[in-house]
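Just the heavy atoms: all of them, side chains too, but no hydrogens, waters or symmetry mates, feed the values below.
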Amino acid sequence: MEIAIIAHDGKKVDMVQFLNKNAAVLLQENIKLISTGTTGSKAENAGFKVKKMLSGPLGGDAQIAGRVAEGKTKMVFFFKDPLSSHAHEADINMLLRVCDVHNIPIATNEATAQLLLNAIALQS
């Protein structure tokens with residue numbers, strides 16, 4: 001199962017902590033992580049194997065949305081920073097819309113992401 005991980009700058013540390021907390025599930029052989037560039041680099045530094053797309057502002061969000069539309073990405077963890085504005089807001093909204101159109105679960109905070117991972121762990 002391909003899971004995309006994305007985090008705004010103010011949430012990258014939270015994402016890495018979440019990944020580490022859930023390493024037992026995320027390091028399973030059937031889980032493949034993809035990510036926007038900088039978030040992916042942070043995840044790699046924490047020991048996770050990640051296929052990196054472009055940085056979010058440079059089109060990484062759009063690349064991941066394309067993978068969702070193609071049926072490759074089955075789940076998205078996008079830790080958004082609701083207290084900051086983002087120049088690529090249109091790309092973010094497009095990713096959210098594509099996930100909704102294709103019925104792909106997208107977690108925009110740790111609590112929701114944890115619920116989704118718990119569901120995966122129950123299936124294993």
Side-chain angles (χ1 to χ4, degrees):
M1 170 187 292
E2 183 172 284
I3 300 173
I5 57 171
I6 308 165
H8 282 145
D9 289 343
K11 296 291 184 173
K12 290 190 191 315
V13 169
D14 295 339
M15 177 62 80
V16 171
Q17 289 173 344
F18 174 79
L19 296 174
N20 285 328
K21 176 180 163 186
N22 291 284
V25 174
L26 294 170
L27 292 173
Q28 292 178 21
E29 198 171 296
N30 64 324
I31 303 290
K32 178 181 173 189
L33 296 177
I34 66 166
S35 181
T36 50
T38 309
T39 302
S41 294
K42 301 268 186 202
E44 285 178 333
N45 289 341
F48 291 88
K49 184 178 177 186
V50 181
K51 179 177 181 177
K52 291 185 291 188
M53 306 290 144
L54 296 172
S55 174
L58 298 178
D61 299 327
Q63 286 179 299
I64 289 174
R67 294 181 71 82
V68 167
E70 293 171 357
K72 295 178 181 174
T73 300
K74 302 299 184 188
M75 191 176 292
V76 179
F77 300 156
F78 188 167
F79 287 11
K80 293 173 45 177
D81 184 351
L83 302 178
S84 299
S85 63
H86 305 281
H88 62 290
E89 195 72 33
D91 293 336
I92 295 164
N93 289 331
M94 177 266 311
L95 174 58
L96 295 171
R97 185 182 69 75
V98 168
C99 286
D100 285 344
V101 166
H102 293 277
N103 202 32
I104 296 299
I106 182 166
T108 59
N109 59 57
E110 183 177 345
T112 308
Q114 190 64 59
L115 287 170
L116 293 174
L117 272 188
N118 290 349
I120 291 172
L122 288 174
Q123 293 176 358
S124 298

> Do Asp14 and Gln17 come close enough that some side-chain heavy atom pair is under 4.5 Å?
Replying inline: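 They are in side-chain contact.
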> Distance from Phe79 atom CZ to Thr108 atom OG1, nearest 0.5 Å?
Replying inline: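 Separation between the atoms: 9.0 Å.
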> How long is the gap from CG on Leu33 to CE on Met1, to the nearest 0.5 Å?
Replying inline: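 It is 11.5 Å, given to the nearest 0.5 Å.
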> Ala107 and Ala113: which non-hydrogen atoms are nearest, and at how many Å?
Replying inline: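 In this case the closest contact between Ala107 and Ala113 is CB-N, 3.3 Å.
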> If you round to the nearest 0.5 Å, how far is CG of Leu117 from CD of Glu110?
Replying inline: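 Here the rounded value is 10.0 Å.
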> So, do Met94 and Val98 sit near enough that their side-chain heavy atoms are less than 4.5 Å apart?
Replying inline: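 Yes, side chains in contact.
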> What distance separates Ile92 CD1 from Arg97 CZ, expressed to the nearest 0.5 Å?
Replying inline: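 If we round to the nearest 0.5 Å, Ile92:CD1 and Arg97:CZ are 15.0 Å apart.
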> Among all residues two or more places apart in sequence or in another chain, which pass the salt bridge (Lys or Arg N to Asp or Glu O under 4.0 Å) test with Glu70?
Replying inline: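 With neighbours one apart ignored, the set is Lys72.
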> Closest approach of Thr36 and Gly60, non-hydrogen atoms and distance?
Replying inline: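 Taking Thr36 first and Gly60 second, the nearest heavy atoms are CG2-C, 3.8 Å.
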> Atom CG in Asp9, atom NZ in Lys42: separation rounded to 0.5 Å?
Replying inline: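 Here the interatomic distance stands at 8.5 Å.
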> Under 4.5 Å between any side-chain heavy atoms of Leu26 and Ile3, yes or no?
Replying inline: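 A side-chain contact exists here, since the closest heavy-atom pair is under 4.5 Å.
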> What pair of heavy atoms forms the shortest contact from Asp81 to Gly10, and how long is it?
Replying inline: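 Distance-wise, the nearest heavy atoms are OD2-CA, 3.9 Å.
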> Does some side-chain heavy atom of Asn93 sit less than 4.5 Å from a side-chain heavy atom of Leu96?
Replying inline: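 Sidechains of Asn93 and Leu96: in contact.
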>> To check you understand the geometry: which heavy-atom pair defines the closest contact between Phe77 and Leu116, and what is its length?
In response: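 For Phe77 versus Leu116, the nearest heavy atoms are CE2-CD1, 3.9 Å.
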>> If you define the side chain from C-beta out and look only at heavy atoms, does anything of Ile120 sit under 4.5 Å from Met75?
In response: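 Touching, per the 4.5 Å side-chain cut-off.
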Compile the donor-acceptor pairs under 3.5 Å between side chains in residues 46-59 and protein atoms, sequence neighbours left out, one pair per line.
residue : atom : partner : partner atom : Å
Lys52   : NZ   : Ser41   : OG           : 3.4
Lys52   : NZ   : Glu44   : OE1          : 3.1

> Please walk me through it: do Phe78 and His8 pass side-chain contact (heavy atoms from CB on, under 4.5 Å)?
Replying inline: CA-CA 8 Å; Phe78 188 167; His8 282 145; 3.7 Å; yes
> Can any side-chain N or O of Asn22 pair as donor or acceptor with the backbone N or O of Val25 at less than 3.5 Å?
Replying inline: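 Absent.
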> Got a second to check how far Gln28's CD is from Asn30's CG, nearest 0.5 Å?
Replying inline: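 One finds 5.0 Å between CD of Gln28 and CG of Asn30.
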> Looking only at heavy atoms, which two atoms of Ala7 and Met15 are closest? And how far apart?
Replying inline: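 Heavy atoms of Ala7 and Met15 come nearest at CB-CB, 3.9 Å.
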> Where is the tightest heavy-atom contact between Gly40 and Ser35, given as atom of each residue plus distance?
Replying inline: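 Shortest heavy-atom contact: N-OG, 3.0 Å.
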>> I'd like to check Ile106 versus Val68 (side-chain heavy atoms, cut-off strictly below 4.5 Å). Are they in contact?
In response: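 Contact flag for Ile106/Val68 side chains = no.
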>> For Asn103, I'd like to know if atom CG has over 12 heavy atoms of other residues, nucleotides or ligands within 6.0 Å.
In response: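 Not more than 12 within 6.0 Å, no.
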